[in-house]
Amino acid sequence: MTLSVCLIVKDEQAVLKRCLSCVSKFADEIVVVDTGSSDETVEIAEKFTDKVYFFKWCDDFSAARNFAFDKAVCDLVMWLDADDVVTDENCAKINELKNSFEGYDMAVLPYAASFDGGQPNFVYNRERIFRRDGGYRFSGEVHEAVAPYGKIYYSDAVVYHKKEKANEPLRNLAILQKKIAAGKRLCARDKFYYGRELLFNKMYREAIAVLEDFMCGDGWFINKAEACINLYHAYAALGEEDKALSSLVRSMTIIPPNSQTCCILGEHFFKKGEYEFSIYWYNTALGADNGERYGSFINVDYCAFIPYMQLCVLYDRLGDSQKACDFNMKAGKIKPHNENYLSNVEYFEKLGIRGNIDD
């Protein structure tokens, strides 16, 4: 089957060539939609494709994405951002995916959205490739997404989101507030992301009001569990510890406690000096169900590295230096160049203690 890769861009001259150089290895057609660049973005795009179009920006990412999809002519359509990167290994996997797509309607691919020392530490699944005749459309002015349906292919071809510049911090917030000012009603998903944007911009009271309202209505259960963690951070920032903890516990009534929730609880008890409880939660984080099968967001640091490092500190506080050193060694196997791990190595060497791990 043939594949159209669609991008919407604006002022992306720093990263667009990098992206399109990858895309050209698996795309049968490249569609680039410019939403108002003032740099060399269009000229760079035209070196890779003659399918460059212009879209008047209207504060609606879905409208721009759908416009790009409408310009595609191949059997399959795929979306990317200009600062996405696909390694040669994953380019090959996408080429294989094209050849095995018969019988499927859409493909979900892992999205590595942040990195530590070059290694992905925040990965989640995104709907990525669709049959062009399947009627798939983006929705949502910000944090746009395609509702999944049909027979889904789960691929292990990873897309790396390699940002070179930060987003404008108030951009998404302003778009949603403009929608509210125009008298338009926010759907459940919009409320969730509006609350998050308020939280990210340290508007804690406003974030709490919106997220609590979201929790009372309909909404995807994964977003509700995430909203509980957002509420924890908002209440904690205001010093309302009981409400913060209640929000965190509430998340466990929606999904099983994941590694992030367990680590937050571990930190909570650590700060209170209740080390045995803290150890329990960090150990629980190591074996927690992180919801990969139903699309949860996963910060892999919470799954192993953070628990190992914190268990090192906790056992050292309890006087078990050997066990502390062993956990530090486990953390070092994950991030051998981490400064905290290396500092701990020096600390234990001065004590004459060496790590002892079997795995």
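Values in this document were obtained by computation on a predicted structure and should not be read as measured data.
- Nearest approach of K162 to R18, heavy atoms of both residues: O-NH2, 2.8 Å.
- Salt bridge status for D70 with R137: present, with a side-chain N to carboxylate O gap under 4.0 Å.
- The shortest distance between side-chain heavy atoms of N99 and E96 does not fall below 4.5 Å.
- Nearest heavy-atom pair, P169 versus E197, reported as atom, atom and distance to 0.1 Å: O-OE1, 4.3 Å.
- F270 and Y315 fall within the same hydrophobic cluster, where Ile, Leu, Val, Met, Phe, Trp and Tyr residues are linked whenever their side-chain heavy atoms come under 4.5 Å apart, directly or through other members.
- Centroid-to-centroid, the aromatic rings of Y136 and F69 stay 6.0 Å apart or farther.
- If you check the side chains of T261 and N258, you find a donor sitting under 3.5 Å from an acceptor.
- Using a cutoff of 4.0 Å between basic side-chain nitrogens and carboxylate oxygens, K93 and E89 are scored as salt-bridged.
- Using a 4.5 Å heavy-atom threshold, the side chains of F269 and Y280 count as separate.
- In this structure the side chain of Q322 reaches within 4.5 angstrom of the side chain of D320, judged on heavy atoms.
- For K17, the NZ atom counts as loosely surrounded, since its 6.0 Å shell holds 12 or fewer non-hydrogen atoms of other residues, nucleotides or ligands.
- Below 30°, between 30° and 60°, or above 60°: for H143 and Y193 the angle between ring planes is below 30°, a parallel geometry.
- Under the salt bridge (charged side-chain N to carboxylate O under 4.0 Å, His left out) criterion, E168 pairs with no residue at all, not counting sequence neighbours.
- Partners of R317 under the salt bridge (charged side-chain N to carboxylate O under 4.0 Å, His left out) rule, at least two apart in sequence or in another chain, do not exist in this structure.
- F122 CZ: more than 12 foreign heavy atoms inside a 6.0 Å radius.
- For the residue pair D316/Y347, the side-chain donor-acceptor check at 3.5 Å is satisfied.
- Legend: residues meeting salt bridge (charged side-chain N to carboxylate O under 4.0 Å, His left out) with D301, ordered by chain and number and at least two apart, are K335.
- Scanning both residues, V9 and A82, for their nearest heavy atoms gives CG1-CB, 3.9 Å.
- None of E127, H161, R126 except one satisfies the side chain to side chain donor-acceptor pair (under 3.5 Å) rule with Y111; the exception is H161.
- Using a cut-off of 4.0 Å between Lys/Arg side-chain N and Asp/Glu carboxylate O, K178 and E141 are scored as not salt-bridged.
- Using a cutoff of 4.0 Å between basic side-chain nitrogens and carboxylate oxygens, E267 and K271 are scored as salt-bridged.
- Minimum interatomic distance between L199 and A207 (heavy atoms only, all atoms of both residues): N-CB, 3.6 Å.
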